[in-house]
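Written out below as C-alpha cells is the structure these notes cover.
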Amino acid sequence: MSEHIPRKRFGQHFLHDPQVLRRIVDAIAPAPSDRLVEIGPGQGALTAPLLARGATLTAIELDRDLAPALAELPGAAQRLSVLQSDALTLNYAYLADSLGGPLRLCGNLPYNISTPLIFHLLGFRGHVIDMHFMLQKEVVLRMAATPGSKTYGRLSVMLGAVCEVEMLFHVGPGAFNPPPKVDSSVVRIRIPRRAPVQVDDTALFASLVRQAFSMRRKTLRNALKRLVDASTIEAAGLDPGARPETLTAADYAALTRAAATP
C-alpha cells in the first residue's frame, strides 16, 4: 500500500505491531460464515490478517484516499467489500439486512469519536452479535467499571444494561504510527439475546442516567430533582441519599419503572 500521512482530523493512528494484531485476530476468531464488519480499516493492518484467516469482510472507511487502496490487499478481490462512509451515521440495520444477518463488528476506532460511536452502535444492537474494538484505555476502563469505582459512570450503566463487556488486554503507544499520547486497550462487547437488564422505557432510562451522572457528586435526591422526587426514588427501593455511582444498571431500570408509573 502506498505511503499515507495520518490525518489528525480523522484521528488516525495506524496499528503496526504484528503481535498485537495477531492477538486481536485470535480474540475475534473469525469464521468464513461470519458477517464481519471492520470500522476504520485505515491502511489494512488488521484487514490483511483477517483476510488471511479466511474472513469475508465489509470495511467502512471514511478517508477517500485509503478506501481504494484496500482493494490491493491479498484476498480482497474475493472477500472484501469497502464502503466509503461515515461509521457515525451508517445504518447498521440496513447493512445487516443487506448482508443477510447479524453482524460481528471490529476495528481500531478513532479515539476522538469512540464514545459517540459506541452509543450509535448500541442503537442497532438487535443486529449485532459482538464487537471487538481497540479504544483508549481510559474509555475501556469506564466501559468495564463496576458500581462504586472511580471510573464507573454513564457509559458503564448504559452498556451494562444491554451487553457484556470484557477488557482483553492493554496496548502501549509504540504499537501505533504515529504513537498516540495515551495507552490503548482491546475490548470485547457481547450482545446477548436477552438483555442483562429489562428496560421498558429506554428514552427515560437514558435521560435518568445522563442526568444522574451530570451531578455524580450529589445525592440522587438533588441530582434527579428535575425528573423525579424522593418518593419516586424510594418507590424504586432506592435511597434518595445515595450517590449516582453506587447504583447498578438494574437499579436505574427500577427507577425508570417507578418514574413511569402514574
Side-chain angles (χ1 to χ4, degrees), residues 6-17 19-21 23-24 26-28 38-42 45-46 60 62 86-88 105-123 125 128 130-191 196-197 205-206 208-218 223 243-249 251-252:
R7 294 180 177 178
K8 187 174 182 179
R9 67 188 178 98
F10 288 153
Q12 291 175 342
H13 295 276
F14 298 125
L15 184 61
H16 63 77
D17 188 311
Q19 182 177 355
V20 173
L21 289 163
R23 292 183 71 183
I24 295 173
D26 287 344
I28 296 169
E38 183 185 2
I39 298 175
L46 180 59
I60 302 167
L62 179 61
D86 186 348
L88 270 173
L105 306 177
C106 65
N108 173 29
L109 301 186
Y111 294 171
N112 57 344
I113 65 162
S114 59
T115 298
L117 180 56
I118 292 293
F119 278 111
H120 180 64
L121 294 172
L122 287 179
R125 60 187 176 275
V128 175
D130 61 15
M131 315 180 204
H132 290 81
F133 291 140
M134 177 84 75
L135 300 167
Q136 185 176 339
K137 180 181 177 181
E138 179 186 348
V139 173
V140 175
L141 290 175
R142 288 194 282 117
M143 291 169 64
T146 55
S149 62
K150 292 182 179 180
T151 52
Y152 186 73
R154 177 186 171 220
L155 185 59
S156 320
V157 175
M158 297 302 293
L159 285 170
V162 297
C163 59
E164 301 165 356
V165 178
E166 180 183 1
M167 182 166 57
L168 298 181
F169 57 90
H170 301 307
V171 181
F176 302 87
N177 179 37
K181 297 180 180 179
V182 296
D183 287 336
S184 306
S185 297
V186 175
V187 65
R188 174 185 289 134
I189 306 170
R190 289 194 180 96
I191 311 294
V197 175
F205 177 83
L208 285 167
V209 173
R210 184 185 301 109
Q211 179 61 30
F213 284 99
S214 70
M215 302 182 180
R216 63 180 298 147
R217 300 305 175 194
K218 295 189 176 182
R243 304 286 181 182
E245 68 266 21
T246 65
L247 272 62
T248 65
D251 291 333
Y252 280 103

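Heads up: numbering here begins at 1 and tracks the sequence.
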* With distance as the sole test, does Asp26 use its side chain to make a donor-acceptor pair with the main-chain N or O of Arg23 at under 3.5 Å? -> no

* Asked: Can the positive tip of Arg216 be found less than 6.0 Å from the middle of the six-membered ring of Tyr152, inside 45° of the ring normal?
  -> no

* Roughly how far apart are Glu245 CD and Lys150 NZ, rounded to 0.5 Å? -> 11.5 Å

* Any idea which heavy atoms bring Pro173 and Pro180 closest together, and the distance? -> CB-O, 3.4 Å

* Asked: Is any side-chain heavy atom of Glu138 closer than 4.5 Å to a side-chain heavy atom of Val182?
  -> no

* Could you give the distance from CG (Leu105) to CD1 (Ile28), rounded to the nearest 0.5 Å? -> 10.0 Å

* Listed partners of Ser184 passing side-chain hydrogen bond (donor to acceptor under 3.5 Å, both in side chains), at least two apart -> Tyr111

* Asked: Which pair of non-hydrogen atoms, one from Ala249 and one from Ala161, has the smallest distance, and what is that distance?
  -> CB-N, 3.9 Å

* Option passing side-chain hydrogen bond (donor to acceptor under 3.5 Å, both in side chains) with Ser185 (candidates His170, Gln136, Lys137) -> His170

* To do: Decide yes or no for Pro116 and Leu88: does some side-chain heavy atom of the first lie under 4.5 Å from some side-chain heavy atom of the second?
  => yes

* Asked: Knowing that exactly one of Ile24, Leu117, Leu121 qualifies, which makes a side chain to side chain contact (heavy atoms under 4.5 Å, CB included) with Phe133?
  -> Leu121

* To do: To the nearest 0.5 Å, tell me how far Phe176 CZ sits from Met134 CE.
  => 4.0 Å

* **Tyr252 versus Pro244, closest heavy-atom pair with distance** => OH-O, 2.8 Å

* Structure fact -> Between the CZ atom in Arg190 and the NE2 atom in His132, the distance rounded to the nearest 0.5 Å is 7.0 Å

* Asked: Can you list the steps and then say if Leu159 with Leu155 is a side-chain contact (heavy atoms from CB on, under 4.5 Å)?
  -> CA-CA 6 Å; Leu159 285 170; Leu155 185 59; 3.9 Å; yes

* Point-to-point distance, once rounded to the nearest 0.5 Å, from CG of Leu21 to NE2 of His16 -> 9.5 Å

* Determine yes or no for a side-chain-to-main-chain donor-acceptor pair under 3.5 angstrom, with Arg188 supplying the side chain and Ala27 the backbone. => yes

* Member of Ile191, Ile39, Val187 meeting the side chain to side chain contact (heavy atoms under 4.5 Å, CB included) criterion with Met131 -> Ile191

* To do: Determine whether Ile118 and Ile189 make a side-chain contact, defined as any pair of heavy atoms from C-beta on separated by less than 4.5 Å.
  => yes

* **For the student: nearest non-hydrogen atoms of Pro41 and Ile60, plus distance** => CD-O, 3.1 Å

* To do: Could I get the full list of side chain to side chain contact (heavy atoms under 4.5 Å, CB included) partners for Ser214, not counting sequence neighbours?
  => Gln211

* Structure fact -> The reported gap from CE in Met158 to SG in Cys163 (rounded to nearest 0.5 angstrom) is 10.0 Å

* Residue pair Ala175 / Leu15: nearest heavy atoms and the distance that separates them -> O-CD1, 3.3 Å

